[in-house]
Amino acid sequence: MKVGILSGGGDAPGINAVIRAVVRKGIEYYGYEIVGIRDGWRGLLEGEFVPLDLKAVSGILPRGGSILGTSRTNPFKHEKGAEEILKNSEKADMEAVVVIGGEDTLGVAYKMSELGLKCVGVPKTIDNDLAGTEYTFGFRTAVAIVTETLDRLHTTAEAHHRVIILEVMGRYTGWIALEAGLAGGADVILIPEKPFDLNEVCKYIKHRQEKGRNFSIIVVAEGAKPKGKAEIIYGERVDEFGHVRFGGVGYYLGKEIERHMGIETRVIVLGHVQRGGSPTAYDRILATRYGVAAIDLVHEGTFGCMVALKGSKIVPVLLKDVAGKRKTVDLELYDIANIFFG
Ligand code: F6P
């Protein structure tokens, strides 16, 4: 049997660990032929494949990025895109496809499943905003990178008596900001789920000054917005899934804080550093478990599913129940973080 594998959307540390697991178990235990699909759904749309043997996946476990490449291609935005995909997978004798992706890529997997493509999804995104699973792989690595950054920013902010704002990824949810902010001792955490009030942010900084703490660290998710206002976006261009590019809320805040309080404020936008490089041990293990579970589902003939983490187990959930749903932050956790604000 021939099984295809693709990675779509923004990359996340651990994609290669999934690919390795699918190839190793698929070939060594089930005798399958595994075919890599280039750049997410684009590769199936245009019939661009690469054979994946044991040698091709040797040494890739700790590597970031994706050996297959990735893209934000939405086949449903291309004329006859879905038909092309069915035609190309049939022509290549691909009986099943393992789809590594976030909400967009897996949303396509769901629609393609309904049209007859046999798909198994693997939940990937540093944002951790996918419904149906407790954690997506890549998230923990991003949190570790942001936490280390916060530790570093603390020492310099303290030495210079500055406010430092760290803008992190998270378009619609503040998982990275919240967990890294909690781990890194941020004085204020701003997330998309809770529009912020500038006066309140200033109050926290002032409260710290009153306690003799003349520096503050603020973590803000890129999708956080001031109360009653829209998100701050980088440009009007949208991708094939209709997403605009966020970015700039950190600078907005920095200017406002300086204007209101007269404190020197510096802004750091961490960007793709959060997604690049090697996955942590946790993400390598989670990604490997996901990959093994995905190829096991293919072997069982269970399709239209995504592998998911529930408690300590990896279980299948229906793509139908995941598609179009978003997992927002745990507000109880936000309340805990809030204890340490100001
Ligand atoms: O979806 C994951 C994510 O990292 C978001 O947090 C971020 O807004 C987006 O991808 C950035 O995507 P790109 O690298 O395509 O600009």
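Note that ligands are numbered from 1 as they come in the structure, with each ligand's atoms numbered from 1 the same way.
Protein residues with a heavy atom under 4.0 Å from ligand 1 are Arg72, Ile126, Asp127, Met169, Gly170, Arg171, Glu222, His272, Arg275.
A salt bridge does not link Glu84 with Lys80: none of the charged nitrogens is closer than 4.0 Å to a carboxylate oxygen. A salt bridge does not link Glu134 to Lys310: none of the charged nitrogens lies less than 4.0 Å from a carboxylate oxygen. Of the charged side-chain nitrogens involved, none lies within less than 4.0 Å of a carboxylate oxygen, so that Glu83 and Lys87 do not count as a salt-bridged pair. Taking a cutoff of 4.0 Å between a charged side-chain nitrogen and a carboxylate oxygen, Glu240 and Arg72 do not qualify as a salt bridge. Using a 4.0 Å cut-off between a side-chain N of Lys or Arg and a carboxylate O of Asp or Glu, Glu179 and Arg140 qualify as a salt bridge.
Cluster note: Leu318 groups with no other residue, as no ILVMFWY side-chain heavy atom lies under 4.5 Å from it.
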